[in-house]
Colleague: 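Submitted below is the structure of interest, expressed as structure tokens.
Order of appearance sets the numbers: ligands from 1, and atoms from 1 within every ligand. Values below: all heavy atoms of this structure, side chains included; hydrogens, waters and symmetry mates excluded. Note that the coordinates shown come from a computational prediction; the quantities given were computed from them, not determined experimentally.
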Amino acid sequence: MKAYIGLGSNLGNREENIRKAVELLEKSPGIRVVKLSPFYETEPVGDIPQGKFINAAAEIYTTLFPPGLLAVCRNIEDALGRVRTVKWGPRTIDLDILLYGEEVIRTSELTIPHPLMHEREFVLRPLSDIAPDAYHPVLGKTAQELLKELWKL
Ligand code: X6L
Ligand code: MG
Ligand code: MG
């Protein structure tokens, strides 16, 4: 399955954290990283004052099902020293499953497509760079269309 992962970091060496996360993804059984977007420095979004982020997106091919992919993402966050204190607070690394093929998944553990991705330029800009035609199965629009809609607001 083709899937897209959003990456973000605003603690420590942010670029290196993202590069290491991509390396660990690539080393994970059942995952191949096929595209990596440019890195963007972005203003923090949310109600917590914190440092600027580096954000990026990766296209992967995976034989894992979504729960397995989520477990890999969590393990990589832990391996890179993510400490879970305040919700939405600063983090060394955040790995979010944005899209998993064109599947819609809603469980208590996991929502795919990622629930806020269509409202976040820090997600849509890198995603559109590597996959302008990636399709959001709930909204029925591509990444590029969603990004253009954000600009119109
Ligand atoms: C009111 C309350 C309005 C909360 C918005 C928005 C919360 C976004 C969380 C919110 C609210 C988020 C990143 C980030 C975060 C990132 C950049 C989130 C999760 N992650 N800002 N803020 N990049 N630039 O990866 O998206 S926290
Ligand atoms: Mg996130
Ligand atoms: Mg996350």
Colleague: Hey, what else clusters with I48 if you join Ile, Leu, Val, Met, Phe, Trp, Tyr whenever side-chain heavy atoms sit under 4.5 Å?
Modeller: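 Hydrophobic cluster check, I48: joined to V86, W88.
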
Colleague: Take atom CZ of R106 as the centre, draw a 6.0 Å sphere, and report whether it contains more than 12 heavy atoms from other residues, nucleotides or ligands.
Modeller: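 Incorrect, the count does not exceed 12.
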
Colleague: Regarding R84 and D78, does a basic nitrogen lie under 4.0 Å from an acidic carboxylate oxygen?
Modeller: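 Yes.
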
Colleague: Under the side chain to side chain donor-acceptor pair (under 3.5 Å) test, which residues partner K52, sequence neighbours left out?
Modeller: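 Testing K52 for side chain to side chain donor-acceptor pair (under 3.5 Å), a comparison that skips the adjacent residues, returns E43.
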
Colleague: State plainly whether the residues E41 and R14 are in salt-bridge range, i.e. N to O under 4.0 Å.
Modeller: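 Salt bridge between E41 and R14, a charged N being under 4.0 Å from a carboxylate O: yes.
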
Colleague: Identify which protein N/O/S atoms are less than 2.8 Å from the Mg ion (ligand 2).
Modeller: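 Sorted hits: D94 OD2, D96 OD2.
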
Colleague: Distance under 4.0 Å, heavy atoms only, partner ligand 1: which residues pass?
Modeller: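 If the criterion is a heavy atom under 4.0 Å, then ligand 1 touches T42, E43, P44, V45, G46, D47, F53, N55, W88, R91, R120, F122.
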
Colleague: Backbone N or O of S9 within a donor-acceptor pair of the N55 side chain at under 3.5 Å?
Modeller: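 Checking the backbone N and O of S9 against the side chain of N55, no donor-acceptor pair under 3.5 Å is found.
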
Colleague: Going by an N to O cut-off under 4.0 Å, is there a salt bridge joining E16 and K20?
Modeller: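 Yes.
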
Colleague: Once you measure the plane-to-plane angle for F53 and F122, does it fall in the parallel (<30°), tilted (30-60°) or perpendicular (>60°) bin?
Modeller: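 Parallel.
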
Colleague: Do the side chain of S37 and the main chain of D129 share a donor and acceptor less than 3.5 angstrom apart?
Modeller: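 Not confirmed, S37 side chain does not pair with D129 backbone.
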
